[in-house]
Q: 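Take a look at the following structure, please.
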Amino acid sequence: MTQYNAAAWLLDRHIDEGRGDRVAIRHRGRSITYAEALADAQRMQCALTDLGLEVGDRIAMVVNDEPGFVSMFLGAQ
């Protein structure tokens, strides 16, 4: 049984299909591409791993409604 991963659906598939340079997020006049969003999510994933979190651990997120939320949520996936 394959587990669903929101990051794979929302970011990875766009990169794999050649849309990495397209805008994924717009926030306060700033545009973030799928490639940039994926890189941010991967950085967050590494940060969480460096903190000792493992697959299956739970985290609480207190994040403003901004691109950092997307990075944290998808990085935690």
Side-chain angles (χ1 to χ4, degrees):
M1 179 178 189
T2 303
Q3 285 190 321
Y4 174 74
N5 183 321
W9 176 253
L10 295 171
L11 298 176
D12 294 352
R13 74 181 175 99
H14 291 286
I15 303 295
D16 294 344
E17 295 172 8
R19 293 187 293 271
D21 62 341
R22 292 198 182 166
V23 174
I25 301 168
R26 287 194 172 102
H27 179 73
R28 295 187 179 185
R30 180 174 170 225
S31 296
I32 300 169
T33 67
Y34 285 104
E36 292 167 330
L38 179 61
D40 289 344
Q42 289 171 334
R43 276 191 290 279
M44 182 57 67
Q45 180 183 22
C46 289
L48 294 171
T49 300
D50 289 347
L51 290 171
L53 287 140
E54 298 177 356
V55 173
D57 287 348
R58 294 180 183 187
I59 64 169
M61 298 182 351
V62 179
V63 186
N64 291 330
D65 187 14
E66 61 186 21
F69 168 81
V70 176
S71 300
M72 183 174 278
F73 180 79
L74 295 179
Q77 292 288 311

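Since the model is a prediction, treat every value here as computed from it, not as a measurement.
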Q: Who are the salt bridge (Lys or Arg N to Asp or Glu O under 4.0 Å) partners of Arg13, not counting sequence neighbours?
A: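 By the salt bridge (Lys or Arg N to Asp or Glu O under 4.0 Å) rule, Arg13 matches no residue at all.
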Q: Taking only residues two or more places apart in sequence or in another chain, which ones pass side-chain contact (heavy atoms from CB on, under 4.5 Å) with Ala8?
A: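 Listed in chain order: Asn5, Asp12.
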Q: With sequence neighbours left out, which residue pairs that include part of residues 38-51 fulfil the side-chain hydrogen bond (donor to acceptor under 3.5 Å, both in side chains) condition?
A: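 The answer is Asp40-Arg43.
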Q: Suppose we screen for salt bridge (Lys or Arg N to Asp or Glu O under 4.0 Å). Which residues come up paired with Glu54, at least two apart in sequence or across chains?
A: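 For Glu54, no residue satisfies salt bridge (Lys or Arg N to Asp or Glu O under 4.0 Å) once neighbours in sequence are set aside.
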Q: Hydrophobic clusters join Ile, Leu, Val, Met, Phe, Trp and Tyr when side-chain heavy atoms are under 4.5 Å apart, directly or via other members; which others share one with Leu11?
A: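 Tyr4, Trp9, Leu10, Ile15, Ile25, Ile32, Tyr34, Leu38, Met44, Leu48, Leu51, Leu53, Ile59, Met61, Val63, Phe69, Val70, Met72, Phe73, Leu74, listed by chain and number.
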Q: Please enumerate all residues that pass salt bridge (Lys or Arg N to Asp or Glu O under 4.0 Å) together with Arg22, with sequence neighbours excluded.
A: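 Listed in chain order: nothing, the list is empty.
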Q: Is there a donor-acceptor pair under 3.5 Å between the side chain of Glu36 and the backbone N or O of Thr33?
A: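 At least one qualifying donor-acceptor pair exists.
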Q: Tell me, please, which residues at least two apart from Arg28 pass side-chain contact (heavy atoms from CB on, under 4.5 Å).
A: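 Listed in chain order: nothing, the list is empty.
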Q: Other hydrophobic cluster members with Val62, side-chain heavy atoms of Ile/Leu/Val/Met/Phe/Trp/Tyr under 4.5 Å, chained?
A: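 Direct or chained contacts put Val62 with none.
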